[in-house]
Participant: 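My questions will all concern the structure given below.
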Amino acid sequence: MTDIAKQYAQIQARVATAAGKIGKRPEDITIVAVSKTQPLSAIEAAIAIGIQDFGENKPQELRDKVAYFEQPLNWHMIGNLQRNKIKYVLGHCGLIHSVDSIKLLDSLEQECQKRGVKVEVLLQINVSREQSKAGFYPEQIDQVLALAATLKHVQVKGLMTIPPYVEDPEQNRQYFSALHQIFVDIKMKNIDNIAMDYLSMGMTGDFEVAIEEGATHIRVGTGIFGTRQ
Ligand SMILES: *Cc1c(COP(=O)(O)O)cnc(C)c1O
């Protein structure tokens, strides 16, 4: 087995255990293999063992990697997306996890309309309120949802967060649990065009806690591929 195969098998086993604790099945959790900075050969090795979901945080890198692989894969945009770079990801990635401003939401709608395409997005929420982090603050969400409800080409599918880097993942449980509560509250409102299907939270260091708190998508880079280039 290659390192990637071994590491992925370990992550899958840990996902299954965490999911089992809350009565979910492993297949209820999508493991997004974060391939940013990784060479094409690493992605090839991942595809060979059946990985289909890849996450990238730079629009051009995502576009280039998508162009290289001919088979259909699920590409996830997980990093900051400037409005002038929307063109690199539209039509290439299935889900944008990182919509963090009203302006970006508006621009995505305009670009999609121009091209006659649709896009599914998650709203990035800054639950831990770190100054250095992107995302809407919880008190801004109602305003964002009011706008999102009117869009014709951009569909909100859920929420995403990036909590602080911590040594002890238990320290992030509060943020995962808070985001899950927001997710449930929005879902109960049944707003047009707002589906709360996906909750993207948890990385290599804290994905088990995130799953226990309701994550449907975890984003795992170093845990699968090893250290980044
Ligand atoms: C890099 C990155 C990850 C993966 O981080 P690891 O600690 O390597 O698992 C997850 N989410 C986002 C938004 C990232 O930028």
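Sequence positions, counted from 1, serve as the residue numbers for this chain. Indexing begins at 1, ligand by ligand and atom by atom, following the structure's order. Keep in mind the model is a prediction, meaning the values are calculated, not measured.
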Participant: Between Glu109 and Lys152, does any side-chain N to carboxylate O distance fall below 4.0 Å?
Facilitator: no
Participant: Do Val144 and Met201 sit in one hydrophobic cluster, given that two such residues count as connected whenever their side-chain heavy atoms are within less than 4.5 Å of each other, even indirectly?
Facilitator: yes
Participant: Taking NZ, NE, NH1 and NH2 as the nitrogens, is one of them in Glu208 or Arg14 under 4.0 Å from a carboxylate oxygen of the other?
Facilitator: yes
Participant: For ligand 1, which of its N or O atoms have a protein N or O partner closer than 3.5 Å, and how long is each gap?
Facilitator:
| unit_1 | atom_1 | unit_2 | atom_2 | d |
| --- | --- | --- | --- | --- |
| ligand 1 | 8 (O) | Thr222 | N | 2.8 |
| ligand 1 | 8 (O) | Thr222 | OG1 | 3.0 |
| ligand 1 | 8 (O) | Arg228 | NH1 | 2.8 |
| ligand 1 | 8 (O) | Arg228 | NH2 | 3.2 |
| ligand 1 | 9 (O) | Thr204 | N | 3.0 |
| ligand 1 | 9 (O) | Thr204 | OG1 | 2.4 |
| ligand 1 | 9 (O) | Gly221 | N | 2.8 |
| ligand 1 | 11 (N) | Arg219 | NE | 2.9 |
| ligand 1 | 15 (O) | Lys36 | NZ | 2.6 |

Participant: Before accepting this row, confirm whether a basic side-chain N of the pair Arg25/Asp28 lies closer than 4.0 Å to the acidic partner's carboxylate O.
Facilitator: yes
Participant: Would you check if the side chain of Asp206 reaches a backbone N or O of Val209 as a donor-acceptor pair within less than 3.5 Å?
Facilitator: no
Participant: Roughly how far apart are Asn80 CG and Asn57 CG, rounded to 0.5 Å?
Facilitator: 9.0 Å
